[in-house]
K.L.:
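Right, I'll just put the structure down here and ask away after.
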Amino acid sequence: MTSTSAPDPVDAITAQWAVVRPDLDTVPMAVFGRIYRLAHTVGERMDRAYAAHGISRGEFDVLATLRRSGEPYTLSPRQLAATLMLTSGGMTGRLDKLERAGLLRRSPDPHDRRGLRVTLSERGLALVDEAVTAGLAVQREALEAALDEREAQQLAGLLRKLLTTTGA
């Protein structure tokens with residue numbers, strides 16, 4: 001962990017705005033610019049961690065949603081799509097690929113003749129458990145490079161506050 005706070009690309013952007021528009025308060029730009037850049041950078045690292053397990057981040061999201069649902073790791077396609085904010089078409093494409101890979105299976109819903117249930121396979125369960133561990137290691141490495149535990153908890157709390165008040 002380092003305690004230095006060197007200038008970053010967002011500082012350069014806000015400094016340029018300060019020259020041409022000194023009347024602007026660029027604190028929001030500084031906050032959201034850094035959130036965006038962090039999400040992008042760490043997201044790329046997460047993509048590589050999941051790719052090492054043969055899945056994309058979107059496919060991980062489907063498997064992880066089923067895993068988090070608890071035993072029997074079963075949800076409807078509609079529940080999955082709503083949780084992941086996907087269209088039914090987008091959800092179908094992901095389910096098709098994951099089913100072909102043997103990571104989940106679709107079956108008729110016993111309570112709704114028109115419905116389906118999506119269930120994590122044993123292979124899918126093992127894979128998502130490995131992938132979530134790898135993804136968390138990437139995230140932990142990024143945090144520990146700059147923040148101590150107290151700072152990480154504080155940041156998580158501040159981001160929660162911002163997220164819940166924006167309606168996101």
Side-chain angles (χ1 to χ4, degrees), residues 1-69 75-98 101 103-104 118 124 127-168:
M1 178 182 64
T2 63
S3 61
T4 61
S5 184
D8 66 14
V10 176
D11 289 321
I13 292 167
T14 57
Q16 289 171 328
W17 278 114
V19 170
V20 298
R21 288 286 310 273
D23 59 308
L24 293 177
D25 172 9
T26 58
V27 170
M29 183 184 297
V31 170
F32 290 102
R34 288 184 175 102
I35 289 171
Y36 172 79
R37 286 169 180 263
L38 279 167
H40 181 76
T41 299
V42 176
E44 287 179 341
R45 294 175 191 169
M46 302 286 291
D47 288 342
R48 288 191 295 273
Y50 297 144
H53 295 277
I55 56 175
S56 69
R57 193 180 340 175
E59 292 159 355
F60 169 82
D61 289 343
V62 172
L63 299 173
T65 300
L66 289 166
R67 177 66 167 110
R68 290 190 323 265
S69 73
L75 294 169
S76 71
R78 179 173 286 140
Q79 289 170 309
L80 282 166
T83 299
L84 299 173
M85 298 183 293
L86 287 173
T87 64
S88 60
M91 182 88 276
T92 298
R94 287 186 191 178
L95 294 177
D96 287 347
K97 185 172 181 187
L98 291 166
L103 301 174
L104 58 78
V118 179
L127 185 135
V128 74
D129 280 349
E130 291 172 8
V132 74
T133 300
L136 283 169
V138 167
Q139 293 169 340
R140 180 164 308 288
E141 180 180 307
L143 283 175
E144 289 178 349
L147 306 175
D148 62 32
E149 184 64 29
R150 181 191 59 76
E151 290 169 323
Q153 290 292 336
Q154 182 181 18
L155 179 58
L158 291 170
L159 290 171
R160 179 187 310 106
K161 182 177 182 180
L162 185 60
L163 188 63
T164 58
T165 58
T166 61

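Here the structure is a predicted model, which means the values were calculated and not measured. Atom set for the values below is all heavy atoms of this structure, side chains included, hydrogens, waters and symmetry mates excluded.
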K.L.:
Could you walk me through whether Leu143 and Arg140 satisfy the side chain to side chain contact (heavy atoms under 4.5 Å, CB included) test, starting with their C-alpha distance in whole Å, then the side-chain angles of each, then the deciding distance to 0.1 Å, before giving a yes or no?
P.N.:
CA-CA 5 Å; Leu143 283 175; Arg140 180 164 308 288; 5.7 Å; no
K.L.:
Taking all non-hydrogen atoms of both residues, which atom of Val42 and which atom of Ala142 are closest, and how far apart?
P.N.:
CG2-CB, 4.1 Å
K.L.:
Report the distance from atom CG of Leu98 to atom CG of Leu63, rounding to the nearest 0.5 Å.
P.N.:
5.0 Å
K.L.:
Any chance you could measure Leu158, atom CG, to Lys161, atom NZ, to the nearest 0.5 Å?
P.N.:
7.0 Å
K.L.:
Counting only heavy atoms not in Glu141, do more than 12 fall under 6.0 Å of its CD?
P.N.:
no
K.L.:
Between CE of Met91 and CZ of Arg78, what distance do you get to the nearest 0.5 Å?
P.N.:
13.0 Å
K.L.:
Search all heavy atoms of Gly33 against all heavy atoms of Val10 and return the closest pair with its distance.
P.N.:
C-CG2, 4.0 Å
K.L.:
Measure the CG-CZ distance between Leu127 and Phe60 for me, rounded to the nearest 0.5 Å.
P.N.:
9.5 Å
K.L.:
Which heavy atom of Pro9 sits nearest a heavy atom of Arg37, and at what distance?
P.N.:
CB-NH1, 3.4 Å
K.L.:
If you look at every heavy atom in Met46 and Gln139, which pair is closest and at what distance?
P.N.:
CE-NE2, 3.4 Å
K.L.:
Measuring from Glu44:CD to Arg57:CZ, what's the distance to the nearest 0.5 Å?
P.N.:
8.5 Å
K.L.:
Going by heavy atoms in the side chains, are Val19 and Gln16 under 4.5 Å from each other?
P.N.:
no
K.L.:
Would you compute the distance between atom CH2 of Trp17 and atom CG of Leu24 and round it to the nearest 0.5 angstrom?
P.N.:
6.5 Å
K.L.:
Are the side chains of Asp61 and Leu86 in contact, using a 4.5 Å heavy-atom criterion?
P.N.:
no
K.L.:
Looking at Thr165 and Leu162, what are the two nearest heavy atoms and their distance?
P.N.:
OG1-O, 3.1 Å
K.L.:
For the residue pair Val138 and Arg45, what are the closest heavy atoms and their distance?
P.N.:
CG1-CB, 3.5 Å
K.L.:
My understanding is that only one of Lys97, Arg67, Arg94 makes a side-chain contact (heavy atoms from CB on, under 4.5 Å) with Val62; could you say which?
P.N.:
Arg94
K.L.:
Should Arg34 and Asp11 count as an ion pair when the cut-off is N to O under 4.0 Å?
P.N.:
yes
K.L.:
Would you confirm whether Thr41, through its side chain, and Leu38, through its main-chain N or O, come within 3.5 Å as a donor-acceptor pair?
P.N.:
no
K.L.:
Looking only at atom types and distance, does a side-chain atom of Thr87 sit under 3.5 Å from a main-chain N or O of Gly90, one as donor and one as acceptor?
P.N.:
yes
K.L.:
Is the shortest side-chain heavy-atom distance between Val128 and Leu66 below 4.5 Å?
P.N.:
no
